[in-house]
Structures are given as C-alpha cells and as structure tokens.
Engineer: 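This is the structure I want to talk about, given as structure tokens.
Values reported hereafter were calculated over all heavy atoms of this structure, with side chains retained and with hydrogens, waters and symmetry mates removed. Chain naming here is simple, since letters A, B, ... match the order of the sequence lines and numbering starts at 1 in each.
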2 protein chains.
Amino acid sequence: MTAPDEDEDAPRSGASTPPQRTPRGTLSREVLLDAAMEIVRIGGADAFSMRALGARLEVDPTAVYRHFRTKNELLDVLADILIAGDEPLPSTGDARADLRASLHQLRRSLLRHPTMAGVILRRPPGGRAYWERANHALGLLRGMGLSPEQATSAYQTLLFYSLGHVLSEARTLAAAVARDRRPSAPTATFNPPAHQLPDLAAAVPFLRADTAAQFDDGLDLIMGSLPG
Amino acid sequence: MTAPDEDEDAPRSGASTPPQRTPRGTLSREVLLDAAMEIVRIGGADAFSMRALGARLEVDPTAVYRHFRTKNELLDVLADILIAGDEPLPSTGDARADLRASLHQLRRSLLRHPTMAGVILRRPPGGRAYWERANHALGLLRGMGLSPEQATSAYQTLLFYSLGHVLSEARTLAAAVARDRRPSAPTATFNPPAHQLPDLAAAVPFLRADTAAQFDDGLDLIMGSLPG
DNA sequence: ACCTGAACACCGTTCAAGT
DNA sequence: ACCTGAACACCGTTCAAGT
C-alpha cells in the first residue's frame, strides 16, 4: 500500500563543516542567508533550523531573531533567492524561446536544492523575483499577440505546470537523498505497481529518465495551443 | 521584500474537542487515521503530531508506533486517502469529460484540507489511489486515440498542471487560515506589487476569484492540443 | 546596539518495563 | 499482545539580562 518507506527522517545531523568565525556585530541578513543556504546544501532541508544556523555561525541561536522575525520569514527570503536564480531573465527577441528558457531556469534553480523545493513551494509567494518572473513572462506572451486576459491564463497554466513538475521531481530526488543517507535501505527505484493496472503498465516504458526533456515535452504541449 | 508575514506558526493548540474513549486494545489503523484526519480538520496540518494523536485517543503517544512505523508512513496513508477522495472515478463514456472530471475530483479532494495539501504533495507518491487514478486517466487518453507514448506525456502534463494549481491554491488558503487564527493580523489580500511591473499590472484584473473556473481554463488550454 | 542564556512549551522516536 | 513511561536528542520563540 505504502512505498517501502525510506524515511526522510534520517539522522538530524547538525552540519559539521568548518564553521566560519563570526566576530561580534558581523551578523547580517546576507551572512545568515549564506549560512542557511550552506546548511541546506550540505544536509538538506531537514538539517536547517534556527539552532543549526546559530551553531554554524558560532552565535547564540536567538541572535538570528535580530534580523528575521521568524524562521518562515527567513525561508521566504531563501525561496525568493532560489526563484531568482543566478542567470538574467532571457531576452533574445524570440518570445517563445525566451518564455521556455525562463521556465527552464526556474526549474533548474529550484532543483539545485531538491530537498528545499517542497518546503519552499508550500509557502505563499510574495518575493520580488517571483513577481518579476511573472511580469517578464506576461510581457513575452503579450508580444506573441495574446490579449492581457489570454496572457494571464496562459501564464498561470505554464507556471502551475512548471511548479507541479518541479515538485514532482523534487520529492523523488529528496526521497533518494534520504535513502542514500541510510546506506542500508533498499534502492526502491520508481516502480509503480503496474500489476492489474494495464494502462499504467503500458505507460511505464515511456516514463522518461531525462526529466528535463520530459519537462520540455509538457511545455510543448501547452505552448502548442498558443498563437504566435 | 517579503510579504507582511502572517505566520502559519500560530498557536500550536492541541485539538481540544471531546476526545473519544478508547478502551484497551481498540487501537487500529482505521481509528488512528480517523483521529488524525479530525485533528487536521480542526486544527490544520500544524496541529497534527504523534503526541496530539495520542492525546486525542487518550492513549500514550508511543502506542501509535504499533500501527505505523513513522509519522511519515502515517502521512503517506493519509495522503492516499485524500487522493482517493470519496467519489468513484468517473466513467460516463465521454473520455474527455471523464478525464476532466477526474482531475477536478482530485483538486476538490486535496483542497478539502488545504493546510494538508502542501504537506502531502511534498511526499513521494506511492499509494494505491495515486496509481489507480493514473491508470484510469491513461485509459481515457488511449480511448481518445492517443498512443501509449502520447498518453503518457499528456497525462503527466495534465497531472503536473493539476498538482501545481492545487499547491498554489492550497498555500494561499493555508496562509489565510493561519491569518484568521491570529485575529489581529492584517487581511493582506493577494496583492502583487504591480508597481513598476506593467505587464503584471495588466494581468491583475484577470486573476480570477473563481479558482475552479481558472483551473478549468488551464485544462482547456492543455486538452485543446489533444486529438479526439 | 547587539548578543547571550535561561526558560517555555513543544517535537519524533526508542526501549525497557508493565499488565 | 498491547500499551505505558521515562528518556534522548531535538525544535521555535520570548524575554530579561549582560556587554
């Protein structure tokens, strides 16, 4: 009924890498966000806590509250950094291609921290980068000849598809990461119970290993209906 | 930069409703799942913990471990119950309509516990209902004349779009729920910073209040490319 | 001004012990 | 066979106190 259950609960190991010294008064939003991202990179989303953050910076955990009102507020800023990514929004002049590229950017950036993607996507959007991406994409859709109303609908469809795809990839990746942390757990590859589900069985060979190409296929399908 | 931040952290109130008596030896998976669902219904996903579950059933929290190996395992079973929903899979003979109806079912069922949707969608899929839905939808797509390969691609696109849409609705709803639990927090309606983002500003009037219709628009767009 | 430390009210999970 | 209770190793957050 349930999957073999390789639990994400794994060891809650505090990140045990060389902590960077933090002379008095050096704490800042930037330093905190960098350290938070490091903790996530090393130990995954489960390893991140206000206490782990304090420990990493050799500072009392509660010192963080000078700079972020809550853990969730910090998480939201982290989210927006991931949504922004490190590449500029594409603008080659080919609206179709740019739109596609922007969504691929978003996917790649969120999947850079797969254990974090699920955490981040659960939070309500609100960051600057999120809205800038929306504005950019809407502009491209207008450029393809869509009305504001059509552009809005198309963008939401493309965005929700992308978020769902990323979420789906991220949760599988995150589970795999958790498995590898428990070395003895079974490999339990993605293996739907096709027994007695014939149409599912027929689909299994076409589940693509290349999930980036799979993502692109879906974009194709959705963008196929768009003018321009 | 970040939204006004009405935190989901709210009071971690243990569900304080009339607990049902639990004579010795009555504990079962079913009783536990019912109680868990009740806790979620009353207090949201944050209120659910192994300790709250024990308290509700007037049982030591650790007694739950006789029936579920971990909290995550229980969560996965809960997830599959929500994914199954309480309606049978539609089969009117109109494949297009049935496919659409099935995805609407999934959306409605997940949104019945919006605070739970995000939690559930973060977990890797693996329940029976999840795969039965896939099998059913793939069969409908085959019936519309799609090849196994086309059906697989189309189903994944539709599913990921649906999950993304539900996630997006759920996180907004969950934030609203959390706001209402802190009666003094500002209302902070969904309000993108359209200032200096002209294309976003042009889209705002077309963000539909009726999110079920919005969901359907996206299904239209995607299914518009499909044969049959 | 900025950080510390103790404290509060919680977690999930394990395991020896009881009935 | 089934449940309890103590214990372990954690949480986020508040607030008075220190420097």
Engineer: For the residue pair R133(B) and Q105(B), confirm or rule out a side-chain donor-acceptor distance under 3.5 Å.
Structural biologist: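 The criterion, which ignores hydrogens and geometry beyond distance, is satisfied for Q105(B) and R133(B).
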Engineer: In whole Å, what is the span from the CZ atom of R29(B) to the C1' atom of dC2(D)?
Structural biologist: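 Checked: the CZ to C1' distance equals 17 Å.
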Engineer: If a pair means Watson-Crick or G-U wobble with both distances below 3.5 Å, what does DNA chain C look like in dot-bracket form, with | marking bases paired to a different strand?
Structural biologist: ||.|||||...|||||.||
Engineer: Run the ring-ring contact (aromatic ring centres under 6.0 Å, His included) test against F215(B) and tell me which residues pass, sequence neighbours left out.
Structural biologist: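 Applying ring-ring contact (aromatic ring centres under 6.0 Å, His included) to F215(B) gives H104(B), Y161(B), H165(B).
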Engineer: Could you give the CG-to-P distance, from L75(B) to dG12(C), as a whole number of Å?
Structural biologist: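 Atom CG in L75(B) sits about 10 Å away from atom P in dG12(C).
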Engineer: Nearest of dT13(C), dC3(D), dC2(C) to any side-chain atom of Y65(B)?
Structural biologist: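 Taking heavy atoms from C-beta onward, the closest nucleotide is dT13(C).
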Engineer: Side chains of S162(A) and R107(A): any donor to acceptor distance under 3.5 Å?
Structural biologist: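 No, because no side-chain N or O of R107(A) sits under 3.5 Å from a partner of the opposite role on S162(A).
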Engineer: Closer than 3.5 angstrom, by distance alone: can the side chain of S102(A) be matched with the main-chain N or O of L89(A) as a donor-acceptor pair?
Structural biologist: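 No: the side chain of S102(A) does not pair with the backbone of L89(A).
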Engineer: With no hydrogens and no angle check, do the side chains of D60(A) and T62(A) hold a donor and an acceptor under 3.5 Å apart?
Structural biologist: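 Present: a donor and an acceptor within the cut-off.
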Engineer: In whole angstroms, how far is the P atom of dC10(C) from the CZ atom of F48(B)?
Structural biologist: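 Answer to the nearest Å: 17 Å.
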Engineer: Respond yes when some side-chain nitrogen or oxygen of T62(A) is under 4.0 Å from OP1 or OP2 of dT4(C), and no when none is.
Structural biologist: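 So the side chain of T62(A) is outside the cut-off, no N or O lying under 4.0 Å from OP1 or OP2 of dT4(C).
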Engineer: Looking at dG12(D), dG5(C), dC3(D), which one has an atom nearest to any side-chain atom of D60(A)?
Structural biologist: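 Closest nucleotide to the D60(A) side chain: dG5(C).
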Engineer: Taking CZ from R66(B) and C1' from dA17(C), how many angstroms apart are they, rounded to a whole number?
Structural biologist: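 After rounding, the reported distance stands at 12 Å.
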Engineer: Would you give me the side-chain donor-acceptor pairs under 3.5 Å for residues 110-119 of chain B, sequence neighbours excluded?
Structural biologist:
from: R112(B); atom 1: NH1; to: D86(B); atom 2: OD2; distance (Å): 3.1
from: T115(B); atom 1: OG1; to: A45(B); atom 2: N; distance (Å): 2.9

Engineer: Taking the side chain of R51(A) as its heavy atoms from C-beta onward, which of dG12(C), dC3(C), dA7(C) lies nearest to it?
Structural biologist: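 That would be dA7(C).
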Engineer: How long is the line joining CE of M50(A) and P of dA7(C), in whole Å?
Structural biologist: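 It is 21 Å, rounded to the nearest whole Å.
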